[in-house]
2 protein chains.
Amino acid sequence: MVVTLKDIAKKTGKSVTTVSRALNGYDDVSAETKALVLRVAKELGYSPNTWAQRLQKQHTETIGLIIPTFGPRFSDPFFSELLAGIGNRAAHLGYDLLVSTRAPGEEELIAYRAAIQGRRVDGFVLVRTRRQDARVTCLQEADFPFVAFGRAEEKIDFPFVDEDGTYGMKLVTKYLASLGHQRIACIAPPPNLMFAHYRLQGFKEGLMEAGIPADDSLILIGDLTQRGGYEQANKLLDLPSPPTAIAACNDLMALGAMSAAQDRNLMVGKDISITGFDNIPMAEYSHPSLTTLHQPLYQIGGMVCEMLIQLIQGEPLEEKNILLKPELIVRQSSGLSSTQS
Amino acid sequence: MVVTLKDIAKKTGKSVTTVSRALNGYDDVSAETKALVLRVAKELGYSPNTWAQRLQKQHTETIGLIIPTFGPRFSDPFFSELLAGIGNRAAHLGYDLLVSTRAPGEEELIAYRAAIQGRRVDGFVLVRTRRQDARVTCLQEADFPFVAFGRAEEKIDFPFVDEDGTYGMKLVTKYLASLGHQRIACIAPPPNLMFAHYRLQGFKEGLMEAGIPADDSLILIGDLTQRGGYEQANKLLDLPSPPTAIAACNDLMALGAMSAAQDRNLMVGKDISITGFDNIPMAEYSHPSLTTLHQPLYQIGGMVCEMLIQLIQGEPLEEKNILLKPELIVRQSSGLSSTQS
DNA sequence: ATTCTATTCCAAAACGTTTTGGAAGTCAAG
DNA sequence: CTTGACTTCCAAAACGTTTTGGAATAGAAT
């Protein structure tokens, strides 16, 4: 049923060794033998048993990705875009991608450890880094190759790609201020996530540079989903003195916030300005279209994947740490403050 | 560095066989030996080498999914939702998920064949079945376990889960007709996809049952993306006698169509009705929110995955073919026809 | 005739696990 | 003292590949 090297050896009258070497293009096999072997292999529809190969070669040509699912699902376009980038680049470089989902916590670490010790993958892509990220220490202790999308808190040294969230949020906050907004709210991500820290900091710096006093009642934390954005926006709009602009720290929450505003018959882009972060495909097609910061997730996935594979293959990285500047995309969801009128 | 059975054997003074059997819970090893082995294994942080195990056991505890990427990427929420369902259920049942992306065609088949012959996965989940689907014949010839999301054209027999697209589209078409719409357009998927066939058929049957004559100029084919929906809707709205309702065959195209209408200052839900299919998370939060057919993609992913694993493990399937009825979700993007007024 | 080099091949070991088919020991029954 | 049953263990084979370390042959150089 399944064709092995032995079958080819028997059919060609050569040894298993020779067949193997012929197929792998060694030059200590004569041209005619090689041709014969190749022909027979094709005839029988041979392709090598992956497990035997990997057992022998001690590497797997597979990279791992364990998606940290907060809550029951991950229909987050953030992940799917990133996943596409990683997966396509991996396929292109001849690597497989092994995907799992684990909620952050003990289970998650067990999955990492099992994959490492069981040599199931050659390296990991780490996404959405956290403060005191146990995954990082786990991988570093095992001296296992990995590249992260996101930085770590302490000055821990590891290869990563990240977007400059501080820069981005500062940009958009100052932009909102330049439109005349004085009461600018922020819907921030859960603070244990590293990017939350950077984005929130950018928001605060932006306010400061615009000369707007900080007001902690205008900073709420959302769970990164549309529903979360909706709920937090409602709280903001219920304030005695509600904000005229909301800078959400991701697009999904921004879209939720837009729904909340529209439910109150506010014209988003006129009565209130709302901005996001990520520039997911949805952002362009929402109504009004969403002002946001563009983060090339698909490309980032590709970069991270490529760096990891270089690392695995022992090639030196040109750049170990890459920080990308997000680009402000102004669309219709933001406009001049109407409080003056 | 890496701990093997041999290391444990050496440390405990037992044989590799005994260690293996102790760890695997055979009862021909004494309680104290077992305890000793378990303790040492834990001490050394042993976990088995996956490749060796799989080579020996001849099965991989991994299921494969090759996403047919049309175009450069697959940020389609359809896939990410489905993927989440498959991945989570697989993890729950102790299986890994191996993901690849391949454009339909020769490359794709090669990937399937290599995975089969290389025994890389125990079975496949097939998504988005096509007419004369080469993947199906490939898998059937190899007698390889698979479960599809989607049916096949001919009366080819294989296990699948599918949504009843005909029923769904008939439902929504008749619903639109009941609102007074007489000129109802359809943006259909590429006809080589099986679900395109069923959904289009449902649309036609719906028109017929509502007593509305068919008009082929009102049926256009879109590429399932927002951009595609936008373009096709523009063509429809440019017609001398444009439709008052557009039934798009998926949500993404419906959202694109909404954009097209809104660009012309049409009030979606009043001046024109637009409906989708899938009920992706975005549909609830678009403006206006999208009337659509709910298809529980996450659950479907789980079902397909579970059926596949049953198949792999040689358990009989209670139901080999499952056809789910989509549910009509009426939201704000559809309303009474305004042509009477 | 001998040595050297090049070419072509292959037996055996190795990767780390599980399974097969006993072997050795103990104990109780006959 | 045998026999049989039971418990506990293990050597060796197997999974399918790659790599190691030659062996065999032929031709060329000495």
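A, B, ... follow the sequence lines: proteins, then strands. Residue 1 opens every chain.
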Without decimals, in angstroms, what is the distance between [X] [atom1] and [N] [atom2]?
{"X": "A/Lys6", "N": "C/dC10", "atom1": "NZ", "atom2": "P", "result": "16 Å"}
{"X": "B/Leu5", "N": "D/dC10", "atom1": "CG", "atom2": "P", "result": "13 Å"}
{"X": "A/Glu61", "N": "D/dT18", "atom1": "CD", "atom2": "P", "result": "11 Å"}
{"X": "A/Lys57", "N": "D/dG16", "atom1": "NZ", "atom2": "P", "result": "17 Å"}

Classify [X] by what it touches in the nucleic acid, base, sugar-phosphate, or nothing, heavy-atom distance under 4.0 Å.
{"X": "A/Thr4", "answer": "sugar-phosphate"}
{"X": "B/Asp28", "answer": "base"}
{"X": "A/Arg21", "answer": "base"}

Choosing from [options], which nucleotide comes nearest the side chain of [X]?
{"X": "B/Ser30", "options": "D/dC9, C/dC10, C/dT19", "result": "D/dC9"}
{"X": "A/Leu55", "options": "D/dA11, C/dC15, D/dT18", "result": "C/dC15"}
{"X": "B/Thr33", "options": "D/dC9, C/dC15, C/dT17", "result": "D/dC9"}

Short side-chain N/O contact to [N] OP1/OP2 from [X], under 4.0 Å:
{"X": "B/Thr18", "N": "D/dC10", "answer": "yes"}
{"X": "A/Lys14", "N": "C/dC9", "answer": "yes"}
{"X": "B/Gln53", "N": "C/dT18", "answer": "yes"}
{"X": "B/Asn24", "N": "C/dT18", "answer": "yes"}
{"X": "B/Tyr26", "N": "D/dC9", "answer": "no"}

Checklist line | Main-chain N/O of B/Ile8 paired to B/Thr12 side chain as donor or acceptor, under 3.5 Å | finding: yes
Next item on the list: Flag the pair B/Leu23 / B/Leu38 as yes when at least one side-chain heavy-atom distance between them is below 4.5 Å, and no otherwise.
Entry: yes
Check: Taking for each residue the nucleotide of DNA chain D with the nearest heavy atom, is it A/Val2 or B/Ser15 whose nucleotide lies nearer the 5' end?
Finding: B/Ser15
Note to self: Please evaluate residues B/Phe158 and B/Phe146 with respect to the criterion ring-ring contact (aromatic ring centres under 6.0 Å, His included), reporting the C-alpha separation (whole Å), side-chain torsions for both, the decisive distance (0.1 Å), and the verdict.
What the structure shows: CA-CA 8 Å; B/Phe158 59 81; B/Phe146 73 102; 5.5 Å; yes
Notebook entry, point to check: With under 30° as parallel and over 60° as perpendicular, where do the rings of B/Phe144 and B/Phe124 fit, or are they tilted in between?
Noted result: tilted
Checklist line | Under-3.5 Å donor-acceptor pair between A/Thr17 side chain and C/dA11 base | finding: yes
Notebook entry, point to check: Just checking, any donor-acceptor pair under 3.5 angstrom between side chains of B/Thr17 and B/Ser20?
Noted result: no
